[in-house]
Amino acid sequence: MKLSVVIPVFNEEAVIETTHRRLLSLTDEMTREKVIDDYEIIYVDDGSMDGSLDILKGFSAKSPKIKVLSFSRNFGHQPALAAGILHAAGDAVVSLDADLQDPPELIGEMIREYKSGHDIVYAVRRERTGDSFFKRWTARLFYKIMQLMGVDIVYDHADYRMISRRVVEEFGRIKEYNLFLRGIFPFMGFRQALVYYEREKRHAGETKYPLKKMAAFAWQGITSFSSVPLKMASVIGFTIFSGSIVLIAWAFYTKIQGEAVPGWTSTVIPMFFIGGLNILFLGLIGEYIGKMYLEVKRRPLFIIKERYNIKD
Ligand code: UDP
Ligand code: MG
């Protein structure tokens, strides 16, 4: 079998050489032990501003098995993964981060699961000791909210996974601009398996996922896979509408009884409340319409500027 390794790279000059060395020793060992017959490593440079691309070009000059795609700008982690997967030629394609938080040595175990007939193998973090308290806490919150919103994702699995050739082919048919891979793969079905690992500390360099990007990512996950927020809008809207009918009935009743003291508060509070809710849920609906707008335009998910050792 041929193995494809896909690695998104965004400003990783501090770590990429170490990662590459560790990967090469692993793939060479696996080739020697006949676990795999052939391999390729596809680095997707996601518009790095540092020396990453030059380092990657250096790798590709040494071996035709090392391939590089370079984006015209920073498109993001998910488009970078998608580009790598779509260009992979292997029977199995594994994606992992450039910073060695996903130990490459786990690939052997993933291949075993693949060979025993699983089409999608998720690497799941056993412990998150390598992450800060804050990162662990926000990550947990993320999975809880996703569950509440009815989005089917694998708990504590990031984007370290192996997929088979036929999953790659099916993946090629998914044309979504708002891409959330952690939701896509559970959705695709086939036989799926989990393998466990300890999440290590980032080997060098800094996280490319500050809080703002993480929050945007979580929001992407929810709004790309769940219409629960829209349903919430209609449920709350209906509740408030029913409540106001009761209030109207009560107002009429007091009027008929001749007890009506025109109250300022009772006029103004519902006005604010309903007005506020209106704007809130209009905004929510706008979010989804915005997404539809992006999908309808069918804009490319990424634009490749340079390629090394790899054809279209
Ligand atoms: N990454 C990317 N584009 C981005 C942000 C990140 O290709 O816009 C890559 C990054 O180089 C790394 C992986 O995605 O290989 C995960 O990023 P990082 O390790 O910074 O995220 P964290 O582990 O802190 O969540
Ligand atoms: Mg990381």
Side-chain angles (χ1 to χ4, degrees), residues 5-23 41-56 59 67-88 93-104 106-107 123-143 146 153-161 177-182 197-221 301-306:
V5 182
V6 170
I7 303 186
V9 177
F10 180 52
N11 294 343
E12 301 283 11
E13 64 180 3
V15 69
I16 195 70
E17 278 169 317
T18 320
T19 307
H20 188 59
R21 238 176 293 128
R22 223 164 110 182
L23 261 176
I41 302 177
I42 304 176
Y43 288 104
V44 186
D45 165 46
D46 185 13
S48 298
M49 279 86 78
D50 65 356
S52 297
L53 180 59
D54 286 328
I55 300 174
L56 296 178
F59 297 159
K67 303 171 180 185
V68 179
L69 295 172
S70 178
F71 284 179
S72 58
R73 63 169 172 86
N74 179 238
F75 277 88
H77 184 199
Q78 304 287 298
L81 285 170
I85 292 170
L86 292 173
H87 283 81
V93 181
V94 63
S95 57
L96 68 161
D97 287 356
D99 59 0
L100 289 174
Q101 283 196 284
D102 308 328
L106 195 68
I107 292 176
V124 175
R125 301 159 191 181
R126 197 179 284 126
E127 293 280 334
R128 296 183 69 122
T129 42
D131 284 330
S132 67
F133 173 77
F134 180 72
K135 181 98 189 185
R136 281 204 300 260
W137 190 81
T138 46
R140 191 145 305 152
L141 189 72
F142 168 70
Y143 290 105
M146 295 304 271
I153 56 172
V154 180
Y155 190 76
D156 259 358
H157 155 73
D159 284 299
Y160 190 10
R161 73 175 81 76
Y177 182 76
N178 294 290
L179 193 63
F180 184 67
L181 296 176
R182 292 178 208 186
Y197 73 106
E198 313 282 342
R199 176 93 164 154
E200 284 165 35
K201 267 204 176 59
R202 175 177 256 281
H203 198 77
E206 273 166 21
T207 177
K208 309 298 179 296
Y209 265 102
L211 183 63
K212 202 175 141 213
K213 241 184 187 173
M214 254 169 19
F217 183 63
W219 184 240
Q220 173 83 315
L301 190 56
F302 48 80
I303 296 169
I304 296 169
K305 188 175 63 176
E306 294 167 55

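In each ligand, atom 1 is the first atom listed, and ligand 1 is the first ligand listed.
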Discussion item. Parallel, tilted or perpendicular, judged at 30° and 60°: which one describes the rings of Tyr197 and Tyr160?
Written reply: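 Answer is perpendicular, since the angle exceeds 60°.
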
Worksheet item: Going by the angle between their ring planes, with limits at 30° and 60°, are Phe142 and Phe180 parallel, tilted or perpendicular?
Response: perpendicular

Among all protein heavy atoms, pick out the one at the shortest distance from [atom]; state its residue, atom name and that distance to 0.1 Å.
atom: atom 20 (O) of ligand 1; result: Lys208 N, 2.5 Å
atom: atom 25 (O) of ligand 1; result: Lys135 NZ, 2.8 Å
atom: atom 24 (O) of ligand 1; result: Thr207 OG1, 2.5 Å
atom: atom 1 (N) of ligand 1; result: Phe10 CB, 3.7 Å
atom: atom 11 (O) of ligand 1; result: Glu12 OE2, 2.6 Å
atom: atom 14 (O) of ligand 1; result: His77 CD2, 3.3 Å
atom: atom 21 (O) of ligand 1; result: Tyr209 CD1, 3.3 Å
atom: atom 19 (O) of ligand 1; result: Asp99 OD2, 2.6 Å

Worksheet item: Among Asp46, Val9, Val15, whose heavy atom sits nearest atom 4 (C) of ligand 1?
Response: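 The residue whose heavy atom sits nearest atom 4 (C) of ligand 1 is Asp46.
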
Worksheet item: Going by heavy atoms in the side chains, are Asp46 and Lys208 under 4.5 Å from each other?
Response: no

Discussion item. Would you say that Arg182 contacts Arg161 through its side chain, given a criterion of any heavy-atom pair below 4.5 Å between the two side chains?
Written reply: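 Arg182 reaches Arg161 side chain to side chain.
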
Discussion item. Quick one about Glu206 and Asn11 (side-chain donor to acceptor, distance below 3.5 Å, no hydrogens or angles considered), yes or no?
Written reply: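 Short answer, no.
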
For [X], atoms of ligand 1 separated by under 4.0 Å from a heavy atom:
X: Lys213; value: 4 (C), 5 (C), 8 (O)
X: Gly76; value: 3 (N), 8 (O)
X: Asn74; value: 3 (N), 4 (C), 8 (O)

Discussion item. Can you confirm whether Trp219 is buried at CH2, in the sense that more than 12 heavy atoms of other residues, nucleotides or ligands lie under 6.0 Å from that atom?
Written reply: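 Buried by this count: over 12 neighbours within 6.0 Å.
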
Item to complete: Decide if atom CZ of Arg140 counts as having more than 12 heavy atoms of other residues, nucleotides or ligands within a radius under 6.0 Å.
Response: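 For Arg140, atom CZ is not crowded (no more than 12 foreign heavy atoms under 6.0 Å).
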
Practice prompt. Could you give me the CA-CA distance, side-chain angles and deciding distance for Tyr155 and Arg125, then say whether side chain to side chain donor-acceptor pair (under 3.5 Å) is met?
Written response: CA-CA 9 Å; Tyr155 190 76; Arg125 301 159 191 181; over 6 Å; no

Worksheet item: For ligand 1, is there an atom lying under 4.0 Å from some heavy atom of Met214?
Response: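 Checking ligand 1 against Met214, which is what was asked, there is no heavy-atom contact under 4.0 Å.
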
Item to complete: Looking only at N, O or S atoms, find the one in Asp99 nearest to the Mg ion (ligand 2) and name it.
Response: OD2

Discussion item. Taking the ring of Phe217 and the ring of His77, is the distance between their centroids below 6.0 Å?
Written reply: no

Discussion item. With rounding to the nearest 0.5 angstrom, report the CG to CZ distance, Leu179 to Phe302.
Written reply: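 The CZ atom of Phe302 is 9.5 Å from CG of Leu179, to the nearest 0.5 Å.
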
Worksheet item: Near the Mg ion (ligand 2), is there an N/O/S atom from Gln101 that is less than 2.8 Å away?
Response: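 Yes, within the cut-off.
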
Worksheet item: Could an N or O of ligand 1 be found under 3.5 Å from any N or O of Pro8, whether backbone or side chain?
Response: yes

